[in-house]
Amino acid sequence: MPASYQNIVTTSLHELDTLRQDPSFAGHSAPENTRRNTAFAVRLYNLWKKQGNYTSLECGVNHLIAQSIPRFFMEIRKVNGERYSASTMNNVFAALNRYLSTEVTPSVNMYKSEDFRECCSKVERIVRELQELEQNTAAKVRRILSPAHEEKLWEKNILGDEKPLQLVRTLLFLCGKYFNVTGGDELRNLRMDRFKFSYNSQNGLTD
């Protein structure tokens, strides 16, 4: 394997910035990706809510919303019955917080509010369990693909950096190997600002 691929690092997918309640941002349009993520999270919550007549996000009663959200995270599933990835769960929680603080009650910030302290703890435990499950699954996959098998992928030019298709395969393979990112949602949510690169004069790309 080329040395340039061996030490790529990324910031943790679950490290999400808490939303600031800054009046100076009032009236500024949110980026398109932010709007889509927020709409997806709210739609997902509303679909789940209809199935059990659960608390509405728009009810304005903090303790009822705080009781409902952890249950939502425990029960939501994809259409095929699989659970969403830990990174998607984190993104959904951040999006729900954004929705509550901008569209429902401006003073609400689930990350900081005492009303949501237990709610945040429960969601964090759910996400942590998912991360552990994903890590165990990725470890099993790495054991299935031995170093010798991986080396053959490089030797046969299935992996490499000379052609676009090789580069795509290599990127997907290494994201799974080093970052435990294997699901479609996780790969689609990857962004360049989550990677850190540095160079030196002797070896080129080092991390």
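All of these numbers come straight from a predicted model, not from anything done at the bench.
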So which atom in [X] and which in [Y] form the shortest heavy-atom distance, rounded to 0.1 Å?
| X | Y | result |
| --- | --- | --- |
| C119 | A66 | CB-O, 3.5 Å |
| R83 | M89 | NH2-CE, 4.4 Å |
| A86 | L130 | CB-CB, 4.0 Å |

When rounded to the nearest 0.5 angstrom, what distance separates [atom1] in [X] from [atom2] in [Y]?
| X | Y | atom1 | atom2 | result |
| --- | --- | --- | --- | --- |
| N91 | T34 | CG | OG1 | 10.5 Å |
| N46 | L57 | CG | CG | 6.0 Å |
| I65 | M110 | CD1 | CE | 8.5 Å |
| L64 | T55 | CG | OG1 | 5.0 Å |
| K163 | N157 | NZ | CG | 7.0 Å |
| I126 | E75 | CD1 | CD | 9.5 Å |

* Among side-chain atoms of Q67 and Y54, is any donor-acceptor pair under 3.5 angstrom? -> no

* Is it the case that S107 and T105 place a side-chain donor and acceptor less than 3.5 Å from each other? -> no

* Below 4.5 Å, heavy atoms only, C-beta onward: do R98 and N37 meet side chain to side chain? -> yes

* Asked: Is the shortest heavy-atom distance from the side chain of I158 to the side chain of R169 under 4.5 Å?
  -> yes

Can a donor-acceptor pair be found, under 3.5 Å and without considering hydrogens, that links the side chain of [X] to the backbone of [Y]?
| X | Y | result |
| --- | --- | --- |
| T170 | G160 | yes |
| Q166 | E162 | yes |
| S101 | N97 | yes |

* To do: Flag yes if more than 12 heavy atoms outside E58 fall under 6.0 Å of its CD atom; otherwise flag no.
  => yes

* In sequence, state the C-alpha distance, the side-chain angles, and the governing distance for F73 and S68, and then conclude on side chain to side chain contact (heavy atoms under 4.5 Å, CB included). => CA-CA 9 Å; F73 277 91; S68 187; over 6 Å; no

* Charged N to carboxylate O below 4.0 Å: is that the case for E132 and R128? -> no

* Asked: With the threshold set at 4.0 Å, does a side-chain nitrogen-carboxylate oxygen contact exist between R125 and E129?
  -> no

* To do: Mind checking ring-ring contact (aromatic ring centres under 6.0 Å, His included) for F116 and listing every partner two or more places apart, or none if nothing turns up?
  => none

* To do: Evaluate the criterion side chain to side chain contact (heavy atoms under 4.5 Å, CB included) for residue pair V92 and Y84; output intermediate values, then yes/no.
  => CA-CA 10 Å; V92 167; Y84 286 95; over 6 Å; no

* Asked: Is it true that V61 and V42 fall in one hydrophobic cluster, defined by side-chain heavy atoms closer than 4.5 Å?
  -> no

* Asked: Is the distance between the ring centroids of F72 and F93 under 6.0 Å?
  -> no

